[in-house]
Amino acid sequence: MSATSPSAPAPVLVLVPGVTGAPADGGAAFHVADATVPQLSVTDLVATRGDGIFETIGAFDGTPVNVGPHLARLARSAEMVDLPAPDLGVLADAVDAVIAAHEPVAELSVRVMYTRGIEGAGEPTCWIHARVSDDWSPYRAGMKVAALDRGLPTSAPATSPWLLAGAKTLSYAVNMAAVREAKRRGAADVLFVSSDGYALEGPTSTLLVRRGDTFLTTPVSAGVLAGTSVQTLFAWLREQQGLATGEELMTLDDVAASDGAWLLSSTRLAAPIAQLDDRELPTDPELTARFERVLKGGI
Ligand code: PLP
């Protein structure tokens, strides 16, 4: 993935002081702000503790995909970390506003950020940031993935809910460290594995596996994020293609012996796993291209 080029259209920022109700100063629930000047306090608990949650929504040719499911997941994450419930109507309007204020581009990445706010203030901070998406095309063509131990069993969400498995928190340093380790191993991305030996998810993506006419993903109860992309594909596979979908704990051998595997997310779309460590997997460029169209909201 190459970084956004310096000549790319400028990112757009929308501040959302009304995320939990009307702002105290009687101002608007959200407004466009200058993305090129500092806006976040150094004492915001997201800066000092990584204490916040987020969502990344893909917008294709100006149309955001799965806004409702993303905001519902934000509300679930908020509940898991004891943040006040966000006003999802305000956020949906603010997402539209950030996209409208951005120059038209093919692929936009819209991040909704919601933090515990300035230490001692007791008020959350919320903003939405839109920028041209990273170039995911090399990933969509098929990638090598390194399997990395996450160091936790699939029972961790039940025994240790304070680890926040399944919440989309802003403490992604571990996820990013895993991607750097994968790159040191000559791979493009990671498939996390539980300490009891099951394939989980990528650091920013959901695992999809094909076994014949059945498509499978990791159960959310194993400690993975409930992906919006996999739910979109599952609905399409069942309702439009008459195929079976399900959740199943799978070992790395299961994934390697499958009829195809992908890492899915709202901005990368469907990236086939062409190689898992030293094992090659079959790829299906035509099916991947259809997945891409579905995930862009096209079918
Ligand atoms: N799993 C993790 C840990 C993620 O961070 C993401 C997205 O960023 C996903 C899965 C994929 O979720 P979605 O398909 O909703 O983008």
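Just so you know, these numbers come straight off a predicted model, no measurement behind them. We count ligands from 1, going down the list as the structure has it; atoms in each ligand are counted the same way.
Looking at ligand 1, you'll find an N or O of Tyr172 within less than 3.5 Å of one of its N or O atoms. Considering backbone and side-chain atoms together, Ser265 places no N or O closer than 3.5 Å to any N or O of ligand 1. Some N or O of Ser229 is nearer than 3.5 Å to an N or O of ligand 1, by distance alone.
Atoms CG and OG, from Leu225 and Ser77 in turn, are 6.5 Å apart once rounded to the nearest 0.5 Å. Taking CD1 of Ile99 as the reference point, atom CG of Leu108 lies at 6.0 Å (rounded to 0.5 Å).
Taking all atoms of both residues into account, the shortest heavy-atom contact from Leu295 to Val65 is O-CG1, 3.6 Å. Closest of all the heavy-atom pairs between Val16 and Ala94 is CG2-CB, 4.2 Å.
Scanning the protein for heavy atoms near atom 1 (N) of ligand 1, the closest one is Glu201 OE1, 3.0 Å. Counting only heavy atoms of the protein, atom 16 (O) of ligand 1 lies nearest to Ser266 OG, 2.7 Å. For atom 8 (O) of ligand 1, the closest heavy atom belonging to the protein is Lys168 NZ, 2.8 Å. Nearest to atom 12 (O) of ligand 1 among the protein's heavy atoms is Arg73 NH1, 3.5 Å.
The closest donor-acceptor contact from the side chain of Asp259 to the backbone of Gly212 lies under 3.5 Å. In this structure, the side chain of Arg116 engages the main chain of Val81 through a donor-acceptor pair within 3.5 Å.
Ligand 1 is never approached by Glu55 to a heavy-atom distance shorter than 4.0 Å. Not a single heavy atom of Ala226 sits less than 4.0 Å from an atom of ligand 1. Using a 4.0 Å cutoff on heavy atoms, Leu264 counts as a contact of ligand 1.
Residue-ligand proximity, Gly202 to ligand 1, at heavy-atom distances under 4.0 Å covers atoms 3 (C). Which parts of ligand 1 touch His70 is read off a 4.0 Å heavy-atom cut-off, strictly below it: atoms 15 (O).
Checked for salt-bridge contact, Glu55 and Arg73 meet the test: a charged N lies under 4.0 Å from a carboxylate O.
Only side-chain heavy atoms of Leu225 come within less than 4.0 Å of ligand 1; its backbone N, CA, C and O stay farther off. Only backbone heavy atoms of Pro203 (N, CA, C or O) come within less than 4.0 Å of ligand 1; its side chain stays farther off.
Of the options Thr206, Thr204, Leu269, the smallest heavy-atom separation from atom 4 (C) of ligand 1 is shown by Thr204.
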Steps toward side chain to side chain contact (heavy atoms under 4.5 Å, CB included) verdict (Thr56, Ser266): CA-CA 7 Å; Thr56 304; Ser266 301; 5.8 Å; no
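Both tests hold for Arg150 against Phe192: distance to the six-membered ring centre under 6.0 Å, angle to the ring axis within 45°.
The number of heavy-atom neighbours closer than 6.0 Å to CD of Glu181, taken from other residues, nucleotides and ligands shown, is above 12.
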